[in-house]
Amino acid sequence: MRRAVRWVPALAVAALVVAGLFPIYWAAVSSVTPESRLFQTPSLVPGRLVADHYRALFEQRNFWIPIRNSLVVAGATTLFSVSVGALCAYALARLRFRGKPLILAFVLAVSMFPQIAIVSPLFIVLRRLHLINTYPGLVLPYLTFAMPLTIWLLVGFFRQLPAELEEAAMMDGAGRLRTFREIILPLSLPGLATTAILTFLYSWNEFLFALSFTLGPERYTVPVAIALFRGQYQVPWGQILAAAVVATAPVALLVLAFQRRIVQGLTAGAVKG
Amino acid sequence: MRRRERRSGAERREARLAWAFVLPALGVVALVAFVPLVGTFWESLHLHDLRMPWLGRPFVGLANYAEALGDARFWSALAHTAAFTVVSVAIELSLGLALALALNAAYRGRGLVRLAVLLPWAIPTVVCALLWRFMFDSESGVANAILAAVGVVPRGFVWFIRPLAAWVPIVLADVWKTTPFVALLLLAGLQNIDPALYEAAMMDGARAGRRFTEITLPLLQPAILVALIFRTLDAFRVFDLIYVLTGGGPGTSTEPISLLTFNALLQDLRFGYGSALSMIVFLVTFLLALGYIRVLGASLTGEER
Amino acid sequence: MAAITLDRVGKTYPNGHVAAWELCLEIADGELVVLVGPSGSGKSTALRMVAGLETPTSGRILIGGDDVTDTPPQDRDLAMVFQSYALYPHKTVRENLAFPLRMRRAPRMRIDERVAAVADALGLRPLLDRKPAQLSGGQRQRVALGRAMVREPRAFLFDEPLSNLDPALRVHTRAELALLHRRLAATMLYVTHDQEEAMTLGDRIVVMRDGAIQQAAPPLDVYLAPANRFVAAFIGSPAMNFFDCAVTADATGARLVCGALGVSLATGPDAPEPADVPGGGFAAQPGPAGPVSPAAGTAVHAAEPADRATAAAVAARATRRGRVVLGVRPHDIVLVGEGPADARGEVAVVEPLGAEQIVHVRMAGLDETVRVVAPAERRVTPDEPVGLRFRRDRLHLFDAETGARLEA
Ligand SMILES: Nc1ncnc2c1ncn2[C@@H]1O[C@H](COP(=O)(O)OP(=O)(O)OP(=O)(O)O)[C@@H](O)[C@H]1O
Ligand SMILES: [Mg+2]
């Protein structure tokens, strides 16, 4: 009985690992399987490996275009929201002024916004500004979720820094701005990095706005490009899976490199109080 | 009151600096999120059909809302969304809690576990949907092959042409993608509990079951609530997953409210009607979120000083 | 260096808590004033208002005659040492020391010169290129001190700078701080909850309670003439004994009675010569834990006439209400065997401290035991009946209701 109890967690964890990683493994394996063998009875270990699908992806479908689009849009969104959000978050975390709880509630509320609720006016406005199918036409809508996310995460990080450090800096003659630059920013680099990574991930994965505000393959982001993949006669699974692997690769690399950080950032934002 | 009058120069200076820091970000958020929301409401009161520009944009009051409420497709989309939300969140939370407990008890393989948890969460939802579509594909699907081998479904079973069966890969994909994340949140909550409490309870004679109900659950409650409400709001606005996995089909039998709205807006280009649907989605989410802030707001937005 | 003035300074926190109330204090140029009081009494709040880190909700603060109430901390030209030291963890010791000068745009040459001078003075030279995380607690404390010393601020502020050090290092650093104060002749405001630190360091100590100043005076004055019952109980270790006495007037003066205790204030029971007392006279009771005036033993007789005057005044005032609180420090009580005594009881517990011992004496009609400090040589056994004799010139009388000190 006791033995069994001890084994249950280990088994559950093993099941989690298998269930979590298998679909990804399967997609990766299938993406290097020749098209003809994809539709045979599946086998766990791949037979012959080919790079056909990847070649087709980049040579025929110009998949580097959506990759470039995604990098530009997600990068710009991250850069803008982290730099503007950091100031805002610092004020919310440290400075004393009235209306702070209200602002925090506002930020939280916006982060819970259903995106579909603002698609129609954004579309109309972006069309009038001739921003449909442009990079700014995506970055602007992306800020609706990126700004609240960065503010929320950074407030958490800034609050963790001991207040006495700033007080010491002020006693040493540094003004608020100086203190922010000399003390706060260097000390919260890890927090800023984590926030940037998470913002980038969310922007990289975004689908609804990208689908709504782009018109053609030259501006599609990676998720849109993959979702709209069509073959002439049948579903081109090999290429789709190759594209899935390519879309996942940067994300997976970030996750691999910053696992610990990401877990910290995610749980710090959600498990307070 | 007296304190309010006596606001010193130092305080005023600090407040002014604070607003200078806060305003750019808040301005952006207001501009890209709040102003459009008002715009949606304004649109929803008009007949605005981009395919028929000659109709102009006449004010029609609540006619769009009346049309939505009188449309069976709207009600079934709402029902789909609600059912999907309840079922997937229930599975994710109970499975997530079990996993969190297991993770808390297991000592080995932390790194691998973290990867298995983070990867599904981090990959684009679109990719997730495609993976599951591929696995449930009638010809090449590995899930199909396994299930057929076990005898759960007949060989060559086509999931995506059956109104009920089509939900199975949808819910599974959502569970796969988000359960690990829920487990992560709950695990962080579990690790916040002081182990000394369990030791004290053991000294007081509480068995494992009692320790779970008397200590773990009450102390984990805030984390559970956060996970519950984040997940509920997320599930309620489900779009990417279903758009890619089934496209709402067969017919409209897996169509959620956000997909219906999207189609009205960008497929049919009926902006007035679509905006009315948007407002309804927003209102429902708003009510859910209001409950959230009621329950947790104080502890989440509260000052830490 | 500059004088600091607090002019009816008050602070009410946004949550409504009154942490400082009508604080009035003049700190002279070059003076070291210690703020002392129990936890939560508002010491840090007062210090932080001087620093500019908190804004007073009423009153004014002046530094060197300038009203700085609305001046931000960085423009007040003060230096502060924090309890946690608040060293910048991403900067080396050298950069930490240089930071205040850099903020004031001092020329590079002068920065290097000053950093080197301070590092030498505090023995930090070998540590200059380390980060704070690579230092011991004592070394961090020195760096924090060095960062304050590196420029010549108008005043130094300390918030419990020694409380994170081990006891030996604390005593050592305390002595160094006193030396530093003398050498720099700097104005210093020093917060501690350690009364021993307050007594040894301060030119003047300020006792606070619930956000209000109870007494501001040189350490010995506070010890010998505490302004009220709270100060009397807070300063001195072991703490003063209090007796809630009934007062009756008699022919010569007044008589205080509390259970088995009876003290006549006019002459005392037979006014014993100190030499009569077994186990050594008053002068033979050195008090390492609480400083006692070494001349105290001879003061007994000199104090007699004044004592009589006090007695008359007390009798006149106290008899109106009929009650008064008598306070006697444990160091000012002598244990006697037989013979005349102010009170009698039995020994309850003995706590040997090495050089001396604390004897707790149970007395009929009293809930609490009476603490007496006796020399280590005096052999005492539990339940032994003992007599207590109080030093006449060291009796403290307090109003039974307000707790204020009663004096002629
Ligand atoms: N930011 C704040 N908001 C509300 N109340 C506060 C705040 N800071 C301090 N207080 C309260 O003001 C009172 C005085 O606090 P202060 O820190 O000055 O005490 P202290 O004398 O320094 O105590 P200690 O010896 O424990 O450091 C305390 O009761 C404290 O709870
Ligand atoms: Mg304090």
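Chain A is the first sequence line, chain B the second, and so forth, proteins listed ahead of strands; every chain is numbered from 1.
Applying the 6.0 Å contact sphere to CG of A:Leu253 captures more than 12 heavy atoms from other residues, nucleotides or ligands. Environment of CZ in C:Arg8: sparse, with no more than 12 heavy atoms of neighbouring residues, nucleotides or ligands closer than 6.0 Å. Atom CZ of C:Arg182 has 12 or fewer heavy atoms from other residues, nucleotides or ligands within 6.0 Å.
Considering all non-hydrogen atoms of both residues, C:Arg151 and A:Met171 come closest at NH2-O, 3.1 Å. Between C:His90 and A:Pro186, the closest heavy-atom pair is CD2-CB, 3.4 Å. Among all heavy-atom pairs drawn from C:Tyr88 and A:Leu165, the shortest one is CE2-O, 3.5 Å. Of all heavy-atom pairs spanning C:Met103 and A:Asp172, the tightest one is CB-O, 3.5 Å.
Between chain A and the residues C:Gln83, C:Arg76, C:Arg102, the largest count of heavy-atom pairs under 4.5 Å involves C:Arg102. Note on C:Arg147, C:Met80, C:Lys91: by heavy-atom pairs under 4.5 Å with chain A, the leading option is C:Arg147.
Here the CD-CG distance, from A:Glu164 to C:Asp159, works out to 7.5 Å after rounding to the nearest 0.5 Å. Taking CE of A:Met170 as the start and CG of C:Leu78 as the end, the distance is 13.0 Å to the nearest 0.5 Å.
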Practice problem: Output, in order, the C-alpha distance, side-chain angles, deciding distance and verdict of side chain to side chain contact (heavy atoms under 4.5 Å, CB included) for C:Glu54 and A:Arg96. | Solution: CA-CA 11 Å; C:Glu54 299 285 351; A:Arg96 281 170 283 198; 3.2 Å; yes
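Using a 4.5 Å heavy-atom cutoff, the side chains of C:Gln74 and A:Arg178 are not in contact.
Interface remark: C:Leu157 contributes side-chain atoms only to the contact with chain A (heavy atom separation under 4.5 Å).
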